[in-house]
Number of protein chains: 2
Amino acid sequence: MHKPRKEMIAETRAKLIAAARHAFGTTGYAEASMDDFTASAGLTRGALYHHFGDKKGLLQAVIAQIDGEMAARINEVASRAPTRWQHFVDECSTYIEMALEPEIQRIMFRDGPAVLGDPAQWPNCSACIASMTDHLTALQEEGVVVSSLDPETASRLINGASSQAAQRIANSSDPEATSKKVVTAFKQLLEGLLKKPDPQSN
Amino acid sequence: MHKPRKEMIAETRAKLIAAARHAFGTTGYAEASMDDFTASAGLTRGALYHHFGDKKGLLQAVIAQIDGEMAARINEVASRAPTRWQHFVDECSTYIEMALEPEIQRIMFRDGPAVLGDPAQWPNCSACIASMTDHLTALQEEGVVVSSLDPETASRLINGASSQAAQRIANSSDPEATSKKVVTAFKQLLEGLLKKPDPQSN
DNA sequence: CCTATTCACATACGCTTCGTATGCCAATTG
DNA sequence: CAATTGGCATACGAAGCGTATGTGAATAGG
C-alpha cells in the first residue's frame, strides 16, 4: 500500500496552496496565472477547480493558512511578558514585524482585501484581532485602559495603524531609521488608550 | 466655430475619467470591462489607450481627481476651527466621513493600493496627508503635541486608523451606533499624541 | 477475485478581456 | 487649398478564466 487515498488528496491540496501562496506573494494575485502556478506544482487547473471552486476560493485557503501562522506566532510571543499591558504592546509589535514580510503584506494587506473585501468580514476573521481584543477587554477590567471604548473597535483601529506602520517601514529606503520613527509614533498612539493617573485635565 | 479642439479633447478625457470612476466605484477595478465603460461614455478603448496608456493609467487619473476633491473638502472644513488642535481633529473626522462613501472606499482604499501599490508612494501622494502633516508639525512647535514623533509618520498611522474606522462604520449593520463607538475610540487614540500637562510621569 | 461505482484530476472548448497595429477623418497650419 | 498632425475607431492576435467532459485508479460489494 503506497499511500492512503486521503493522504494523497491532502497532499495535492497542500501543494496547490503552497504554489498559490508563492505566486500570490511574489507575482501578485491578479497577475498570477492559474495555468502557471498549478503547473509549477505538477498539476493543472482541474485540480484547483475541484478543490477550491475558483481562484478566490484558493486565495481564501491561502489566507486562512497565513492567518493561522500569524496567530500562532503572536500567541507564542504573547505568552511571555511581565505585565498585561506589555503583553498587549508586544502583540502589536509582533504584528508589525510580521507585516514586514512582503508575502504577508501583499497577500493579507493588499490583494486579500481588494479581492475578498474588508478583512473584518472574513470568515476566520483574523485570529490576531481576536487575541488583541481579549487583552484590551482584560486591561479595561484592570483599570489600565480607559473604559469608554469598545475593545474590538480599538483593536481594529490599531490594526489599521499597524499595517500602515509596516508598509512604511517596508517601503522605506532606510528601514532601520524609519523603523525607529514608526515604532515611536505607534507607541505614542497607544499611550492614548491608557487611563491617566490624574483625570482632572479635560 | 463649434468648439475649439482643446476643449473637445478635455471633454473626452473628462468623460473617460467620469465613466471609469463610476465603473471602478461600483463594479470594481478588476471586474470593470474597458469595452463596457468606454462605450457607456460613447467612446472606445482606442481613446482610452490614446490618453492614458492603459487601464492603470486611467485609474491613476481617477485617483488624482478624487484626491483633489478630498483635499479641497478637507481644507474647507479645516479653515473654520477655534484651535489648531481642534482643526486637526476636524480634519481627521472629515477624512473618516469621506471614507464612508463606497466609491472612495473602493477606489482609494481597496483597488487603488492593490493595483498601484502603497499610497505613500503615489505621485500626487495624498494631499490630505500633507495637510495633516503640516498641522501636526505646527502643533509640535506650539508644544501641544509631543515632540518626539515624526509628523508624517504619525499622519500615516492615523490615516490607517481612519480608513479602518470608516470601513468599520460602513460595513456595520447599525452605522449609527458603530459610528459613535468608532469615533470615541479614534479620538481616544489621538489623545496619545497630546503632551501631558504634568511631564513628570513616564 | 471480479465487477461496479466513485471521485480526484486532466483535457478540450468557448467566451471574455486585454494590448497593439493599423486606418480614417476632422481640425489645424502654411 | 494642399499637407500634415493627431484624436479616436477598428481589427487582429494572445492570454486567461470557467465549464463540460473524459479517464484512470482506488474503494466497495458480492
Side-chain angles (χ1 to χ4, degrees), chain A residues 1-63 106-107 111-112 114-117, chain B residues 1-62 106-107 111-112 114-116:
Chain A
M1 188 169 291
H2 310 123
K3 286 256 185 173
R5 198 95 200 282
K6 290 284 178 192
E7 225 171 279
M8 297 296 294
I9 296 172
E11 197 175 320
T12 61
R13 276 185 62 97
K15 280 199 286 190
L16 279 176
I17 291 180
R21 178 171 173 169
H22 182 255
F24 293 164
T26 55
T27 311
Y29 175 83
E31 293 75 24
S33 160
M34 299 166 76
D35 280 319
D36 287 353
F37 69 73
T38 51
S40 83
L43 296 164
T44 69
R45 280 180 318 153
L48 192 160
Y49 280 102
H50 184 73
H51 285 292
F52 302 99
D54 60 351
K55 204 179 181 183
K56 286 165 91 167
L58 182 51
L59 178 61
Q60 283 181 351
V62 169
I63 285 180
R106 182 96 208 211
I107 298 177
D111 294 345
V115 176
L116 304 177
Chain B
M1 189 167 289
H2 309 125
K3 286 256 184 173
R5 199 92 200 283
K6 291 285 179 191
E7 227 172 275
M8 296 296 294
I9 296 172
E11 198 175 318
T12 61
R13 277 185 62 98
K15 280 199 285 189
L16 279 176
I17 291 180
R21 178 170 172 168
H22 182 256
F24 293 164
T26 55
T27 312
Y29 176 83
E31 293 75 24
S33 159
M34 299 166 77
D35 279 317
D36 288 352
F37 69 74
T38 51
S40 83
L43 297 163
T44 68
R45 280 180 317 153
L48 193 159
Y49 280 103
H50 184 74
H51 285 292
F52 302 99
D54 59 352
K55 205 180 181 183
K56 286 165 91 167
L58 182 51
L59 177 61
Q60 283 180 354
V62 169
R106 181 97 210 210
I107 298 178
D111 292 347
V115 176
L116 303 177

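So that the names make sense, note that chain A is the first sequence line, chain B the second, and so on, each numbered from 1. Every heavy atom of this structure was used, including side-chain atoms; hydrogens, water molecules and symmetry mates were not.
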Checklist entry - For the side chain of A:R45, counting heavy atoms from C-beta on, which of D:dC17, C:dC18, C:dC9 is nearest? => result D:dC17
Item to check | A:I17 to A:A61 - nearest heavy-atom pair and separation | outcome: CD1-CB, 4.0 Å
Checklist entry - Is there side-chain contact between A:V62 and A:F52, with heavy atoms separated by less than 4.5 Å? => result no
Item to check | d(CG, A:L48; C1', D:dG16) in whole Å | outcome: 13 Å
Checklist entry - With respect to the phosphate group of D:dC8, does any side-chain polar atom (N or O) of B:T12 fall under 4.0 Å of OP1 or OP2? => result yes
Next on the checklist: Rounded to whole Å, how long is the line connecting atom CE of A:M8 with atom P of D:dA25?
Outcome noted: 12 Å
Checklist outcome for this item: When rounded to the nearest 0.5 Å, the distance separating CG of B:L48 from CE of B:M34 is 4.0 Å
Checklist entry - With respect to B:Y29, which candidate in B:L59, B:I107, B:L58 satisfies the side chain to side chain contact (heavy atoms under 4.5 Å, CB included) definition? => result B:L59
Item to check | Whole-Å gap separating C1' (C:dA8) and CG (A:L43) | outcome: 10 Å
Checklist outcome for this item: Here the distance between atom P of D:dG16 and atom CG of A:D54, to the nearest Å, is 17 Å
Item to check | Nearest-neighbour nucleotide for the B:I9 side chain, D:dC17, D:dG7, C:dA8 considered | outcome: D:dG7
Item to check | Listed once per pair and sorted, the side-chain hydrogen bond (donor to acceptor under 3.5 Å, both in side chains) pairs that draw on residues 36-55 of chain B, sequence neighbours left out | outcome: B:D35-B:R45
Next on the checklist: Looking at every non-hydrogen atom in both residues, tell me the closest pair between A:F37 and A:A19 and how far apart they are.
Outcome noted: O-CB, 3.5 Å
Checklist entry - How many Å lie between OH on B:Y49 and P on C:dG23, as a whole number? => result 20 Å
Checklist entry - Roughly how far apart are A:L116 CG and A:I63 CD1, rounded to 0.5 Å? => result 5.0 Å
Checklist entry - Could you state the NE2-P distance from A:H50 to D:dT23, rounded to the nearest angstrom? => result 18 Å
Next on the checklist: In this structure, how many angstroms lie between the P atom of C:dC9 and the CD atom of A:E11, rounded?
Outcome noted: 10 Å
Next on the checklist: I want to verify a distance call: between C:dC9, D:dG18, D:dA9, whose nearest atom is closest to the B:T44 side chain?
Outcome noted: D:dA9
Next on the checklist: Just the rounded figure in Å: distance from C1' of D:dG7 to CZ of B:R13.
Outcome noted: 13 Å
Next on the checklist: Under 4.0 Å, heavy atom to any atom of DNA chain C: which of residues 23-37 of chain A qualify?
Outcome noted: none
